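Sequence lines set the chain letters: A, B, ... in the order given, protein chains first and strands last, and positions in each chain run from 1. In this text the structure is predicted, and so the values were computed from the model without any measurement.
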Protein chains: 2
Amino acid sequence: MADHAAKQALFDALAESAKALANGRRAELIDVLMQGERSVEDLALEIDQTVANTSQHLQRLLRAGLVRTRRDGTRIFYDLSSPLVSTLWRTMRRVAEAHVEGLERLATAYVGDRSGLDTMTRDQLRERLRAGDVVVLDVRPPAEYAAGHIRGAVSVPLGDLRARLRDIDSGARVVAYCRGSYCVYADEAVRLLTAAGRDAARLEDGFPEWASARLPVERGV
Amino acid sequence: MADHAAKQALFDALAESAKALANGRRAELIDVLMQGERSVEDLALEIDQTVANTSQHLQRLLRAGLVRTRRDGTRIFYDLSSPLVSTLWRTMRRVAEAHVEGLERLATAYVGDRSGLDTMTRDQLRERLRAGDVVVLDVRPPAEYAAGHIRGAVSVPLGDLRARLRDIDSGARVVAYCRGSYCVYADEAVRLLTAAGRDAARLEDGFPEWASARLPVERGV
DNA sequence: GTCATATTCAAGGACTCCATTGAATATTTG
DNA sequence: CAAATATTCAATGGAGTCCTTGAATATGAC
């Protein structure tokens, strides 16, 4: 049969993309990059690491081919190299959710108690959008909204929500969404809205899942 | 905002399944297990490692929840814990194929030159099966055939093929398949059949892809 | 109970990974 | 050209990974 060395080299190479994702910080990076390209410094803030360390992780992802770079003046923007990478990370998450022991406990330790929050699935939101009786709020940072958002959604970054409460039709049902199920922006938004007497719910997952399900999206401001 | 430690712990946990797959030998193990459950010794032979080392890799996969075990007398059989794991490994392979540098070179170094081999896609084979004008050979070990095979396929382990040539209708078009595109059994079979003057081709991928595409399968002898 | 077989455990050395630190490089601004 | 900013590089210590080796454990056969 074929020689063992060649087989091992092949499977070592096939495992390369897993190695690139086999680190919590790099997983966080991929997760953020699913919302669109980012500069190194920005990513470092996002994952609470030094710029030097973040840069090294990014280069590791680059060597594995999972991300690509673009220079703009003095800044370098990293982005996922293809939608396949989103798919891989999403699959990885699903497998972890199904099989990694104690994950649920860690998730609630991070996102807190969600039992008081009303939620809505993608399908439910799609129905309401079709009916037109819902206000959809994108509570992510403006740059992420600009890079792509649910069609018809309004950009209201979490920090601006309180000030802009009066702009939101007080009779309407409000649905907030953000980066995904492990993102707490939408939770905060729903709590604030509910406390203000509004009828609010969060989308169960986030924009990447909406987009990858090929539901209607828009770009720009 | 939420504390960094909890977020890091969560993403470390999400990266656990990636860590489990982040090794060539463990990748080989998952790849073999996609054909069905196996004993430790059997798996060790398959990946050319000592039993002790194989056992440790298997336990790592077990801790990550990707595989499960079943005891039968003195033997312990390992199996994938869910079809999700197959999906993950298949996705990882696709990403590596698309993004890992030099993978193609390593693949041909292992499987050899396939330019002389006639191939057939899943869709083409499905058509021919519908028309009924094709003989399909499963050239994997008998245990893998028994665990599941393409409906209508005949089990002809590679080692038995030469002896059983006379049993194969000499006028028919023959399609051989095995574990997948990185498996060389079907290549060998097609070369042998072609050399014997038969009209032979290999299925581009293998049984797991056929099954996960929900095409007709059978189990048993 | 003893033996054979299959698997796991435990310890060690070589290697790689990770976060930190401080310096080096590249680009824009003035 | 000098200064400021953004990113990368290089070196370090500590932790984790991987394979090897030899011993320990568990089950079934006799």
Side-chain angles (χ1 to χ4, degrees), chain A residues 4-5 7-9 11-30 32-33 37-64 66-79 143, chain B residues 4-5 7-9 11-30 32-33 37-64 66-79 143:
Chain A
H4 309 154
K7 186 181 183 188
Q8 298 200 349
F11 277 83
D12 284 347
L14 287 170
E16 273 307 309
S17 27
K19 280 187 192 157
L21 284 170
N23 173 275
R25 252 33 65 220
R26 290 197 292 274
E28 285 189 64
L29 288 171
I30 295 288
V32 175
L33 289 175
E37 64 170 16
R38 290 299 185 88
S39 71
V40 178
E41 193 177 15
D42 206 358
L43 287 165
L45 277 170
E46 200 74 63
I47 69 167
D48 298 305
Q49 297 288 310
T50 63
V51 171
N53 193 24
T54 304
S55 172
Q56 309 208 93
H57 278 308
L58 286 167
Q59 283 171 76
R60 188 112 209 269
L61 292 171
L62 190 63
R63 258 178 282 134
L66 301 192
V67 302
R68 61 185 169 194
T69 60
R70 171 178 82 79
R71 174 152 227 151
D72 180 17
T74 152
R75 246 177 288 220
I76 292 184
F77 287 88
Y78 280 80
D79 198 2
Chain B
H4 308 153
K7 186 181 183 188
Q8 298 201 349
F11 277 84
D12 284 347
L14 287 171
E16 274 307 308
S17 25
K19 280 187 192 159
L21 283 169
N23 173 274
R25 250 35 63 220
R26 289 197 291 273
E28 285 189 66
L29 288 172
I30 296 288
V32 175
L33 289 175
E37 64 171 15
R38 290 299 185 88
S39 71
V40 178
E41 193 177 16
D42 206 359
L43 287 165
L45 276 172
E46 199 76 63
I47 68 168
D48 298 304
Q49 297 288 312
T50 63
V51 171
N53 193 23
T54 304
S55 172
Q56 307 205 98
H57 279 307
L58 286 168
Q59 282 171 78
R60 188 109 209 268
L61 291 170
L62 190 63
R63 259 179 282 135
L66 302 192
V67 301
R68 60 185 169 193
T69 60
R70 172 177 81 80
R71 174 152 227 152
D72 180 17
T74 152
R75 246 176 286 221
I76 293 184
F77 287 89
Y78 280 80
D79 198 1

* Structure fact -> Between B/Ile76 and A/Gly73, the residue closer to the 5' end of DNA chain C by nearest nucleotide is B/Ile76
* To do: Answer whether the closest heavy-atom distance between the side chains of A/Asp42 and A/Val32 falls below 4.5 Å.
  => no
* Asked: If only side-chain N and O atoms of B/Thr74 are considered, is one of them under 4.0 Å from the OP1 or OP2 phosphate oxygen of D/dG28?
  -> no
* Between C/dT8, D/dT20, C/dT21, which one does the side chain of B/Thr50 approach most closely? -> D/dT20
* Integer-rounded Å distance: C/dT8 C1' and B/Arg60 CZ -> 17 Å
* Asked: Can a side chain N or O of A/Arg25 be found less than 4.0 Å away from OP1 or OP2 on C/dC17?
  -> no
* To do: Indicate yes or no: at least one non-hydrogen side-chain atom of B/Arg26 is less than 4.5 angstrom from one of B/Leu58.
  => no
* **Side chains of B/His57 and B/Gln49 in contact at under 4.5 Å (non-hydrogen atoms)** => no
* Asked: Do A/Leu21 and B/Lys19 come within less than 4.5 Å of each other through their side chains, counting heavy atoms only?
  -> no
* What nucleic acid atoms does A/Phe77 come within less than 4.0 Å of, heavy atoms only: base, sugar-phosphate, or nothing? -> nothing
* Should B/Tyr78 be listed as having a side-chain N or O under 4.0 Å from OP1 or OP2 of C/dT8? -> yes
* **Under 4.0 angstrom between A/His57 side-chain N/O and C/dA19 OP1 or OP2** => yes
* Distance, rounded to the nearest Å, where A/Leu29 contributes CG and C/dA19 contributes P -> 10 Å
* Classify the nucleic acid contact of B/Val40 as base, sugar-phosphate or nothing, counting any heavy atom under 4.0 Å across all strands shown. => sugar-phosphate
* To do: Return the nearest nucleotide to the side chain of A/Ala52; candidates are D/dT8, D/dT7, D/dT17.
  => D/dT8
* To do: Would you kindly give the CD1-to-P distance between B/Ile47 and D/dC19, to the nearest whole Å?
  => 8 Å
* Asked: Among C/dC18, D/dT8, C/dT7, which is the nearest nucleotide to the side chain of B/Glu41?
  -> C/dT7
* So among B/Ile30, B/Leu29, B/Asp79, which one has a side-chain contact (heavy atoms from CB on, under 4.5 Å) with B/Val67? -> B/Ile30
* Asked: If you pin A/Gln59 and A/Arg75 to their nearest nucleotides in DNA chain D, which one's is more 5'?
  -> A/Arg75
* To do: Report the distance from atom CG of B/Asp48 to atom P of D/dC18, rounded to the nearest whole Å.
  => 18 Å
* To do: Assign each of B/Gln56 and B/Asp42 to its nearest nucleotide of DNA chain C by heavy atoms, then name whichever residue's nucleotide is nearer the 5' end.
  => B/Asp42
* Asked: Side-chain N or O of B/Asn23 less than 4.0 angstrom from OP1 or OP2 on D/dT17?
  -> no
* Measure from CZ on A/Arg71 to C1' on C/dT28 and round the result to the nearest Å. => 10 Å
* To do: Round to the nearest Å and state the distance from A/Leu43 atom CG to D/dT7 atom P.
  => 9 Å
* To do: Return the value, rounded to whole Å, for the distance between atom CG of B/Leu61 and atom P of D/dT17.
  => 13 Å
* To do: Please state how far atom NZ in A/Lys19 lies from atom P in D/dC18, giving the value in whole angstrom units.
  => 8 Å
* Kindly indicate whether the side chain of B/Arg63, heavy atoms from C-beta on, has any atom under 4.5 Å from the side chain of B/Glu16. => no
